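All remarks here apply to the structure that follows.
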Amino acid sequence: MTLKFYNTLTRAKEAFAPLDRDNVRMYVCGPTVYDYAHIGNARPIIVFDVLFRLLRQVYGEAHVTYARNITDIDDKINNRAREEGVPIADVTSRTTAQFHEDVAALGALEPSVEPRATGHVPQMIEMIEALVEKGHAYEAEGHVLFNVPSMADYGALSRRSTDEMLAGARVDVAPYKKDSMDFVLWKPSSDDLPGWDSPWGRGRPGWHIECSAMSKTHLGEIFDIHGGGIDLAFPHHENEIAQSRCALGHDVMANVWMHNGYLQVEGEKMSKSLGNFLTIHDLLGQWPGEVLRLQMLMTHYRQPLDWTDTRCREARSLLDRWYGLIGNGAGPGGDVPLSVLDALSDDLNTPAVITEMHRFADAGDTAALIAAGHILGVLQLDETTWNAWRPRGLDLDETQIDAMIVARNAARAAKDFAEADRLRDALMEMGVALKDGPEGTTWELAR
């Protein structure tokens with residue numbers, strides 16, 4: 001089977017040929033742990049989890065290494081700790097735990113390795129020293145900066161003009177810079193900030209050098225796939241390439257660069273000022289994790305995604321139907337159908353997989369349905385567990401619900417339709433929807 005992925009670096013869909021079939025290596029930029037992750041952060045988590053599952057399917061679980069980092073050195077973290085009046089470690093430990101809980105609820109597998117920036121500062125210093133020695137970086141007023149003009153083909157990933165790069169990078173204006181595009185590798189730390197001893201004094205690393213050092217440590221100087229959101233292509237990934245290539249002397253850092261598209265909410269850019277800033281944690285209180293995951297996968301990963309309640313309801317309806325077919329005794333499913341693998345091998349075409357799942361469901365092929373669901377990371381439960389899910393904070397008294405249904409049915413039998421409607425409406429206000437059928441009245445959560 002030939003895998004083909006769109007490579008942002010070459011702007012083409014290419015056949016994937018790993019450097020070592022016995023150790024296929026992928027790096028994806030992880031969270032900066034200062035707050036709950038938002039739904040935009042969930043998209044690369046889900047997209048590259050599907051890719052991880054596909055690579056394990058094709059090359060074997062033991063032959064794929066997936067590194068996803070934790071950024072726990074950052075000024076946003078420092079500011080949050082200052083606002084809360086707590087140690088920085090309290091912020092990073094709490095928000096890392098929140099992140100792990102949220103992505104587990106989204107059905108994401110644990111990465112093979114999850115390096116933390118704080119555990120790799122010596123490797124960062126070593127890489128910065130190499131850049132200085134080779135003339136690609138310089139010290140100025142306690143800072144060390146990468147000298148962008150020293151790299152002839154800087155900008156090859158994003159293919160932006162200098163003016164566009166300046167605007168996109170939001171570079172700091174500083175008199176000690178040799179060029180306005182130069183970016184920070186190391187900066188001084190005051191006594192109240194995290195700091196490490198270095199040849200340039202006590203300080204801390206810039207954001208970009210963190211990923212260069214962590215990917216090299218765990219995946220090698222050149223690896224197969226680097227992934228992340230398209231918002232990271234410039235300046236973060238562009239700067240990673242510059243640092244790694246110039247420090248290590250290679251023509252590439254990763255052979256394939258894959259980026260998922262932007263996410264908006266109900267047709268608008270997500271922002272706190274618009275009141276549409278959605279965290280994974282909050283959404284998990286309203287919907288099962290598989291609903292959030294399936295909505296993501298209903299759109300091809302490279303396309304923009306519009307996050308809507310309507311699409312959540314659509315995903316929920318699909319999963320309700322599929323779980324109804326699977327029931328509680330369908331087993332783990334069989335081999336992944338070839339049509340599913342063909343779709344995923346064509347640049348992770350998850351919408352085509354979902355089309356196949358419709359076909360399996362219509363044909364009553366539950367084994368194929370389950371197997372297709374598993375490689376997408378859904379249909380991991382059984383029908384009873386799925387139906388038992390409740391929104392966060394919804395405390396239902398099922399004995400009371402059953403009694404109200406009995407009273408409603410009695411009112412209907414007595415032709416007291418006003419009372420029957422009152423009880424139905426009261427149940428709806430409690431979050432309970434009734435379904436009348438030949439075998440009696442059942443209920444489900446109102447959606």
Side-chain angles (χ1 to χ4, degrees), residues 18 20 22-73 89 91-120 210-211 213-220 223-229 232 254 258 260 279-281 283-284 288-294 296-297 301 332-333 336 344 348 350 370-381 385:
D20 179 359
D22 289 332
N23 186 17
V24 182
R25 288 160 285 161
M26 176 173 68
Y27 184 91
V28 176
C29 294
T32 300
V33 285
Y34 71 101
D35 204 346
Y36 283 110
H38 58 71
I39 193 61
N41 301 138
R43 195 174 190 192
I45 295 295
I46 293 170
V47 165
F48 293 104
D49 180 69
V50 173
L51 178 55
F52 184 35
R53 291 168 185 266
L54 175 63
L55 294 174
R56 283 162 43 120
Q57 176 72 29
V58 173
Y59 297 100
E61 292 186 11
H63 301 296
V64 181
T65 302
Y66 172 23
R68 187 186 69 214
N69 74 292
I70 295 286
T71 295
D72 57 356
I73 305 171
V91 173
T92 57
S93 61
R94 180 184 75 241
T95 52
T96 299
Q98 291 167 350
F99 172 76
H100 285 153
E101 182 178 344
D102 287 347
V103 298
L106 293 175
L109 300 173
E110 292 184 4
S112 311
V113 60
E114 190 178 54
R116 299 186 182 216
T118 48
H120 296 77
E210 295 179 8
C211 285
M214 286 186 281
S215 63
K216 172 183 175 291
T217 299
H218 295 281
L219 302 181
F223 51 94
D224 295 299
I225 299 171
H226 195 311
L232 296 182
M258 297 177 66
N260 61 268
T279 68
I280 304 171
H281 180 77
L283 286 168
L284 285 170
E290 288 194 6
V291 168
L292 308 185
R293 186 180 182 99
L294 187 62
M296 288 279 186
L297 299 177
Y301 81 94
V336 180
L344 291 178
L348 287 187
T350 57
I370 294 170
H374 282 192
I375 200 165
L376 289 189
V378 297
L379 302 183
Q380 307 288 298
L381 310 172
T385 305

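Note that the structure is a prediction, hence the values are computed from the model and not measured. Residue numbers start at 1 and run along the sequence shown.
- Checking side-chain atoms of R53 against main-chain N and O of H374 turns up a donor-acceptor pair under 3.5 Å.
- By the 4.5 Å heavy-atom criterion applied to side chains, P31 and I70 are counted as neighbours.
- Contact between L379 and E290 at its shortest, heavy atoms only, is N-OE1, 2.9 Å.
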(request) Let me see the working for I39 and L283 under side-chain contact (heavy atoms from CB on, under 4.5 Å), right down to the final yes or no. (result) CA-CA 8 Å; I39 193 61; L283 286 168; 3.7 Å; yes

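- By the salt bridge (charged side-chain N to carboxylate O under 4.0 Å, His left out) test, D224 is found to be paired with no residue, residues two or more places apart in sequence or in another chain being considered.
- Ring pair H281/Y36 is parallel by interplanar angle, where below 30° counts as parallel and above 60° as perpendicular.
- The nearest pair of heavy atoms linking A117 to D72 is N-OD1, 3.2 Å.
- A distance of 9.5 Å separates CG of L51 from CG of L344, quoted to the nearest 0.5 Å.
- The two atoms that bring E210 and I73 nearest to each other are OE2-O, 3.0 Å, heavy atoms only.
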(request) Go through the steps to decide whether M296 and V47 satisfy the test side-chain contact (heavy atoms from CB on, under 4.5 Å), and finish with yes or no. (result) CA-CA 8 Å; M296 288 279 186; V47 165; over 6 Å; no

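- The closest donor-acceptor contact from the side chain of T92 to the backbone of A89 lies under 3.5 Å.
- Note that CD of Q98 and OG1 of T279 are 9.5 Å apart. Values are rounded to the nearest 0.5 Å.
- Contacts of F48 classified as ring pair (Phe, Tyr, Trp, His ring centres under 6.0 Å), with partners at least two apart in sequence or in another chain: none.
- A side-chain donor from one of H120 and H218 sits under 3.5 Å from a side-chain acceptor of the other.
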(request) Go through the steps for I375 and V50 under the test side-chain contact (heavy atoms from CB on, under 4.5 Å), then give the verdict. (result) CA-CA 7 Å; I375 200 165; V50 173; 5.9 Å; no

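- Distance check: I280 CD1 to I45 CD1 gives 7.0 Å after rounding to the nearest 0.5 Å.
- A distance-only check finds no donor-acceptor pair linking the side chain of E101 to the backbone of F99 [under 3.5 Å].
- For P111, the side-chain contact (heavy atoms from CB on, under 4.5 Å) partners at least two apart in sequence or on another chain are Y66, R68, E114.
- In this structure, the side chain of T350 engages the main chain of L297 through a donor-acceptor pair within 3.5 Å.
- Closest approach of G229 and P44 over heavy atoms only: N-CB, 4.3 Å.
- Once rounded to the nearest 0.5 Å, the distance linking CD1 of I46 with CG of L106 reads 5.0 Å.
- Between the side chains of Y27 and N69, a donor-acceptor pair is found at a separation under 3.5 Å.
- Between D49 and R293 there is a salt bridge, with a side-chain nitrogen of the basic residue lying less than 4.0 Å from a carboxylate oxygen of the acidic one.
- Contact record, C29 with H226: SG-CE1, 3.6 Å, taken as the closest heavy-atom pair.
- Heavy-atom minimum distance, M214 versus R116: SD-C, 3.7 Å.
- The distance from the CE atom of M26 to the OG atom of S112 is 8.0 Å, given to the nearest 0.5 Å.
- Taken from CG in L376 to CG in L294, the straight-line distance is 7.5 Å, to the nearest 0.5 Å.
- Checked against F52 for a side chain to side chain contact (heavy atoms under 4.5 Å, CB included), the options I225, T65, V24, V64 give a single hit: V64.
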